[in-house]
2 protein chains.
Amino acid sequence: MSKYKKDKTTEEKIMEAARKVFVRKGMYGARMQDIADEAGINKALVHYYFKNKQKLFEEIFMEAAGKLFPRVNAIFISEEPLFAKIEKFCEEYISVVLANPYLPLFVLNEMNQDPVYFFNKLWSGKQRPNPQKFLEQIQEEVNKGTIKNFSPLQLLMNLLSLTIFPFIGKPIFQMTLGIDELQFRMFMEQRKKEIPKFIIDAIKK
Amino acid sequence: MSKYKKDKTTEEKIMEAARKVFVRKGMYGARMQDIADEAGINKALVHYYFKNKQKLFEEIFMEAAGKLFPRVNAIFISEEPLFAKIEKFCEEYISVVLANPYLPLFVLNEMNQDPVYFFNKLWSGKQRPNPQKFLEQIQEEVNKGTIKNFSPLQLLMNLLSLTIFPFIGKPIFQMTLGIDELQFRMFMEQRKKEIPKFIIDAIKK
DNA sequence: ATATTTGTTAACCATTTGGTTAAACAATAT
DNA sequence: ATATTGTTTAACCAAATGGTTAACAAATAT
């Protein structure tokens, strides 16, 4: 195969390598040389496509955050009834993250290092997470008496916890219980149905 | 105050500084100079007390993990009935972590970088987390018919998710909802009772 | 008092790391 | 064919970083 024939553009090769390295090692632990090696190219070429480490990192981080947050928001804002929303959220979110199981810990961890900076960087207005409508919807159901008197915020936290946390604790669970990739996958597939059932059983009158 | 009169021993001053820096920046992001500065001493003195960065980090990491894991295990193993166990776990765990809210993300994130290494480092036999008894206990209750037919593993995951995740998402929640330290604290205090109620409502027949 | 051990520092060193440069190489335009 | 533009590399550089050294100061033993 000729040296300069490439199915993936070089830029995408770098992105792919950077994704892998940044996600595994974080912004500080990642080395530009690692990224170049992973992409099978010269380090200077990484700088040719992306000005510097910070810029490349931001690209990767924004991409990752962009996979996680808008989806939450879309469901928060939609017009469906509460229970359907909960079901849909679990279904969709677990599907997305199963395809990139490392995303939540990566994003949460990096955000933790400088929440204010990332918060501004991420949501310059548009796709900022806005759970207001979802919270109001819960309150309405409480008022209607269809569900128990429940703090909307607590319920929101429960939904997010049950859905996202397993991905964050994944390595520990896998080591502790000796389960492999496939078993974890099946466990999470099961959870798509289990979580809504669990929540609804807990809150419905 | 004389130069060599110290209320805290130097070693503890270093540990304290290292805790702060490592937890904020992680193993790779932390700089020995930062730690020395934070402790108000010369960098060489850090090396005098702790051979190198790796050793110091392990000290801090083991200490952090030691605050989180044995407590889980103690409750898993104890003889109490299931519902009491769940209540006790939430109560105790949230109390511990409220005193060090940064611990879960720190430990989970570092473990993620090399799960096998940390797993061996941490649990050379004794305090290895062992949820077996807890899982059996759930199965017993299912068999007795006191709770719904529920996968023990799913229930365990639910308990851990609901308890631990809020601390991991803390910065995002605080920014998104504009809540301060005190409000978060109160929210988690409320959760000590809310989580067991939530779980028990969901699983009891 | 004095020798010895322990604690602390400033200066230094080797290596790593992000980033640059200049030249070679390929593709494209003329 | 040749000039021009865009892509890639090897070699290099300055700054940062983990770690060491040698000397000095304090505490302790003799």
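The basis for the numbers below is simple: all heavy atoms, side chains too, and nothing from hydrogens, waters or symmetry mates. Chain A is the first sequence line, chain B the second, and so forth, proteins listed ahead of strands; every chain is numbered from 1.
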* Check the side chains of B:E141 and B:Q137 for a donor-acceptor pair under 3.5 angstrom, ignoring hydrogens and angles. => no
* Asked: Is there a side-chain contact between B:R24 and B:E38 (heavy atoms, below 4.5 Å)?
  -> yes
* Can you tell me how far P of C:dA11 sits from NZ of B:K43, to the nearest Å? -> 14 Å
* Gap between atoms CG and P, on B:L45 and D:dA23 respectively (whole Å) -> 19 Å
* Asked: Nearest-Å distance, NE2 (B:H47) to P (D:dT17)?
  -> 13 Å
* Value in whole Å for how far the P atom of C:dG18 lies from CG of A:D37 -> 12 Å
* To do: Please tell me if the side chains of A:I195 and A:F89 come closer than 4.5 Å, counting only heavy atoms from C-beta onward.
  => no
* Length of the line joining A:N52:CG and D:dA16:P, which is rounded to integer Å -> 15 Å
* Asked: Reckon B:Y48 has a side-chain N or O less than 4.0 Å from the OP1 or OP2 of C:dT8?
  -> no
* Minimum heavy-atom separation for A:K55 to A:K51, with atom names? -> CG-CB, 4.4 Å
* Quick one: A:N42 CG to C:dG18 P, roughly how many Å, whole number? -> 14 Å
* Asked: Does A:T10 have a side-chain nitrogen or oxygen under 4.0 Å from the phosphate oxygens OP1 or OP2 of D:dT7?
  -> no
* For B:A36, report the nucleic acid contact type (base, sugar-phosphate, nothing); a contact means any heavy atom under 4.0 Å. => nothing
* Within less than 4.0 Å of OP1 or OP2 of D:dA16, is there a side-chain N or O belonging to B:R31? -> no
* Length of the line joining A:I14:CD1 and D:dT9:C1', which is rounded to integer Å -> 13 Å
* Does the base of D:dG19 carry an N or O that pairs as donor and acceptor with the side chain of B:K53 under 3.5 Å? -> no
* Structure fact -> Taking every heavy atom of A:V96 against every heavy atom of A:K67, the minimum-distance pair comes out as CG1-O, 4.0 Å
* **Nucleotide D:dA10, atom P - distance to CE of A:M32 in whole Å** => 17 Å
* Given D:dA10, D:dT8, C:dT9, which nucleotide is nearest the side-chain atoms of A:A44? -> D:dA10
* Asked: Should A:Y49 be listed as having a side-chain N or O under 4.0 Å from OP1 or OP2 of D:dT8?
  -> yes
